[in-house]
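In the text below, chain A, chain B and the rest are named by the order of the sequence lines, each starting its count at 1.
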2 protein chains.
Amino acid sequence: MNASQTKGISILLVDDHPVVRQGYRRVLEHQDDFQVVAEADNAADAYRAFKAHAPDVVVMDISMPGASGLEAIRNIRARSSDTRILVFSMHCEAAQVKAAFNAGAKGYVTKGSDPSALIRAIRSLVHGEQAMSDDIARVLALDNLSPSGSVLDQLGEREIEILRQLAAGATTEQIASNLNLSIKTVQNYHYLIKTKTGMRTDAQLVRLAVECGLASL
Amino acid sequence: MNASQTKGISILLVDDHPVVRQGYRRVLEHQDDFQVVAEADNAADAYRAFKAHAPDVVVMDISMPGASGLEAIRNIRARSSDTRILVFSMHCEAAQVKAAFNAGAKGYVTKGSDPSALIRAIRSLVHGEQAMSDDIARVLALDNLSPSGSVLDQLGEREIEILRQLAAGATTEQIASNLNLSIKTVQNYHYLIKTKTGMRTDAQLVRLAVECGLASL
DNA sequence: GGTTGGTTGGGAAATTTTCCCGAATTAGAA
DNA sequence: TTCTAATTCGGGAAAATTTCCCAACCAACC
């Protein structure tokens, strides 16, 4: 299953921005032993390309339309445990990074880091090591020191769901209707979420939800 | 002031992601008559590099830390009216696009569009034309059909400032204190903003503010 | 069988929202 | 100039929500 028919390291690129993709394709192929064998711009195509080419390494941006990046990682890992997945993302929130590793990624490099960091990380993965850029290491380290891994860890499932809908712009009535709850219960959750997270304003709540990857934009 | 000492078209690249920058530097330099004369990863450096090299075209991502991209455009335009600025961004909200053009950009291409679109746009700019990618054209066209140019047009200066602080997470008391207003007045503005914009929730207000470029994250 | 913890909602006081209003200021048109 | 229109500022009062406390249910777990 391991694709070593090519001389060096075979790579599948997944990113929804063509220019960016083409850009770092060139960066990677500048390395003599790297070969980009396929590209994809969405999770479904990524999985198809993975099955077709069985690359050594998948370099993927997980913030793609449909937000199914994590799902794609799980799918690929479920099928082949020796394909190494490197997440290459703009975001560096601890929650997102941990989610990626939990899904089965072996590396995480931010787009803000030096190109050489990406190349180094790929080589580490091929040698069976985990790898991440310095900024990610720092974020994870700090996260590890904080009492709660994430603010969201203190929240129950219901609370998280309500926070999500709140941040999405739903009214109290809509949430109650969506979840078949009384308005009173939603109000109580709303209050509870604020006190638990220490946020004083609904706007702060929205920002928190976005930071934690619960909501977008 | 026009820098034609180089044979072809001199370009300044501004983007806060080194890999992305290096990536499309290669894409651009694949064109024989293009020459990337400098790079920058923030607004201040961009302005310095612009003064030092007086490039024909500045290709810049405006969603940089500090969100000072628009300011950078204004600064550059204020100094040289024949430098063409092309915004190269992930975002394609009408408000942001219009803000960029109003600030003095001559082109707007999304990162999601084909690499050739970027190259074509640069050539258009050099010929004195405006240019934008297809998706941007579509967004602006739709926006033009909608009755109000921007939702923010219906808001007064005070209202916008209060919306900004609201979206930033400030409490009513904090806003009142910041602007030397009574709490009552801030409450009244808060209500007025909601009715004017048709938003029913503070969370919706935050999203609106972000969409209009009033707030970030 | 008791304890813990997530879930669901009632109650009641405190606070905010909602909508009304008028006054002061400014900008612009007549 | 004078009048109108728009913006800014805030009071008042009813309606609604927030805030905090509490109780009940259910499931998991020792």
Side-chain angles (χ1 to χ4, degrees), chain A residues 95 98-99 102 146-209 212-215, chain B residues 95 147-209 212-215:
Chain A
K98 289 198 287 191
N102 284 335
S146 81
S148 63
S150 161
V151 195
L152 296 189
D153 287 355
Q154 352 169 28
L155 267 44
E157 241 172 290
R158 255 310 86 136
E159 289 158 345
I160 287 189
E161 176 56 22
I162 286 175
L163 172 56
R164 216 185 48 67
Q165 299 202 23
L166 233 27
T171 66
T172 301
E173 289 96 345
Q174 286 168 344
I175 297 175
S177 158
N178 291 341
L179 302 179
N180 269 105
L181 294 177
S182 81
I183 288 183
K184 194 66 222 289
T185 302
V186 176
Q187 290 175 330
N188 278 337
Y189 273 118
H190 191 163
Y191 169 71
L192 197 63
I193 293 167
K194 277 209 262 185
T195 55
K196 275 193 178 181
T197 59
M199 298 295 132
R200 327 228 318 92
T201 286
D202 282 358
Q204 294 175 6
L205 234 34
V206 173
R207 304 170 85 78
L208 177 75
C212 295
L214 263 188
Chain B
S148 66
S150 164
V151 195
L152 295 189
D153 288 355
Q154 348 167 30
L155 266 45
E157 243 174 288
R158 249 329 66 145
E159 289 158 344
I160 287 188
E161 175 58 21
I162 286 175
L163 171 56
R164 217 185 47 67
Q165 298 202 25
L166 232 27
T171 65
T172 302
E173 290 95 348
Q174 286 168 344
I175 297 175
S177 159
N178 290 341
L179 302 179
N180 270 105
L181 295 176
S182 82
I183 288 183
K184 193 65 222 286
T185 301
V186 176
Q187 291 175 329
N188 278 336
Y189 273 118
H190 190 162
Y191 169 71
L192 197 62
I193 293 167
K194 277 210 263 186
T195 56
K196 274 193 177 180
T197 60
M199 297 295 132
R200 327 228 317 90
T201 288
D202 282 359
Q204 294 174 5
L205 234 34
V206 173
R207 304 171 85 78
L208 177 75
C212 295
L214 263 188

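- To the nearest 0.5 Å, atoms CD1 (B:I175) and CG (B:L163) are separated by 9.0 Å.
- For the pair B:K194 NZ and C:dT16 P, the computed distance is 13 Å after rounding to whole Å.
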Give every pair of a protein N or O atom and an N or O atom of nucleotides 3-6 of chain C that lie under 3.5 Å apart, one pair per line with the distance.
none

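- As judged by a 4.0 angstrom heavy-atom cut-off over every strand, A:T185 is placed among the base-contacting residues.
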B:L205 and B:T197: side chain to side chain contact (heavy atoms under 4.5 Å, CB included), yes or no, with the steps?
CA-CA 8 Å; B:L205 234 34; B:T197 60; 3.7 Å; yes
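- Atom CG of residue A:D202 and atom NZ of residue A:K194 lie 4.5 Å apart, to the nearest 0.5 angstrom.
- Across all their heavy atoms, B:I193 and B:E159 have their closest contact at CD1-O, 3.3 Å.
- Interatomic distance, CG of A:L166 versus CD of A:Q174, reported as 11.0 Å (0.5 Å rounding).
- Between B:I183 atom CD1 and C:dT17 atom C1' the separation is 14 Å, expressed in whole Å.
- A salt bridge between A:E161 and A:R164 is present, with a side-chain N of the basic residue lying under 4.0 Å from a carboxylate O of the acidic one.
- Rounded to whole angstrom, the span from the CZ atom of A:R200 across to the C1' atom of C:dT15 amounts to 13 Å.
- Contact detail for A:V206 and B:A203: the closest heavy-atom pair is CG2-CB, 3.5 Å.
- As a whole-Å value, the separation of A:Q187 CD from C:dT7 C1' is 16 Å.
- For the pair A:E161 CD and C:dT7 C1', the interatomic distance rounds to 14 Å; values are reported in whole Å.
- Running 5' to 3' along DNA chain D, contacts with non-hydrogen atoms of chain A at under 4.0 Å begin and end at D:dT17 to D:dC20.
- Taking atom CG of A:L179 as the reference point, atom P of C:dT7 lies 11 Å away to the nearest angstrom.
- Both A:E173 and A:T195 sit near DNA chain D, but only A:E173 has its closest nucleotide nearer the 5' end.
- The CD1 atom of A:I162 sits 9.5 Å away from atom CG of A:N188, with the distance rounded to the nearest 0.5 Å.
- Comparing A:L181 and B:T172, the nucleotide of DNA chain C nearest to each residue sits closer to the 5' end for A:L181.
- Separating the CG atom of A:L192 from the P atom of C:dG10 is a distance of 17 Å, rounded to the nearest angstrom.
- If you measure from atom NZ of B:K184 to atom P of C:dT15, you get 16 Å, rounded to the nearest angstrom.
- Remark: B:Q165 CD to B:L214 CG distance equals 11.0 Å, nearest 0.5 Å.
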